[in-house]
Amino acid sequence: MGGMRRSPDEIERMRKAGRVVAEMHAATRAAIRPGVTTAELDRVARDVLERRGARSNFLHYHGFPAVICTSPNDVIVHGIPGPYRLEEGDIISVDCGAIVEGYHGDAAFTAGVGRVSASAERLMQVTEASLWAGIAEMEAGHRLHDIGRAIQEVAEKAGFSVVREYTGHGIGTAMHEDPNVLNYWPGRPGPVLKSGMPLAIEPMVNAGGAATRQLDDGWTVVTADGSLSAHFEHTIVVTDGGPEVLTLAD
Ligand code: MG
Ligand code: MG
């Protein structure tokens, strides 16, 4: 199924939500340092939502207890903020979302805590580059799975692997709408991209193998082999002038 096309008025509301998400990123990024707990990062993000009068699309989502996901080291996605204290050399993924005037934004980044290893730095750089390679495919007339093909090529050329079980998604009046945005080439091109279609693109890239495992908390997804994982995401809309990233700061 193809993605929904949104009107200019709807896209304008999504820009507002996206700006709140960008502010959550800036605030949590600035708070990342050794000794800070992931619960404290959640508090920082909550403060932004409250200050902007935005609602959380993460809190209570299928019972999720926080407004962000915090996923350190071998955690791929969906880590729950809590007592874990960041340590020098960790990498930490922060996934944030917001609802403004009924429209959703969703974006994630991974950052180092203090000084990190060269291999961790490279994993983060490659994962972010794979996201931007996917974004560059968001042109009217391109096909949906051109995005995943571009992401996979960047990640695998670097010797890393892309997670298959979790994907990007359409986004608009719900956080997760059709279609799923794969981070790999599934052997067929998928639907044609059209102006006005918003998508959340979110490569999850592992330093080792692609296999995943979910912990007993029912949320936290880790790499099966214990290797590091990075995650970057933006909410983007196809326009006649190319991709417009909605979750960047002004
Ligand atoms: Mg997200
Ligand atoms: Mg998402």
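We count ligands from 1, going down the list as the structure has it; atoms in each ligand are counted the same way.
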Distance in Å, Met197 CE paired with Ile236 CD1, rounded so as to fall on 0.5 Å steps: 14.0 Å
Qualifying residue for side-chain hydrogen bond (donor to acceptor under 3.5 Å, both in side chains) with Ser229, from Thr223, Thr110, Asn73, Asn206: Asn206
Under 3.5 Å: donor-acceptor pair, side chain of Glu153, backbone of Ala150: no
Identity of the N, O or S atom of Asp95 lying closest to the Mg ion (ligand 1): OD1
2.8 Å cut-off met by an N, O or S atom of Glu202 to the Mg ion (ligand 1): no
Lys/Arg-Asp/Glu bridge criterion (N-O < 4.0 Å) met for Arg149, Asp146: yes
N/O/S atom of His176 inside 2.8 Å of the Mg ion (ligand 2), strictly under: no
Salt bridge Glu88-Arg115, side-chain N to carboxylate O under 4.0 Å: no
Name of the Glu233 atom (N/O/S only) found closest to the Mg ion (ligand 2): OE2
N/O/S atom name from Asp106 that is nearest to the position of the Mg ion (ligand 2): OD2
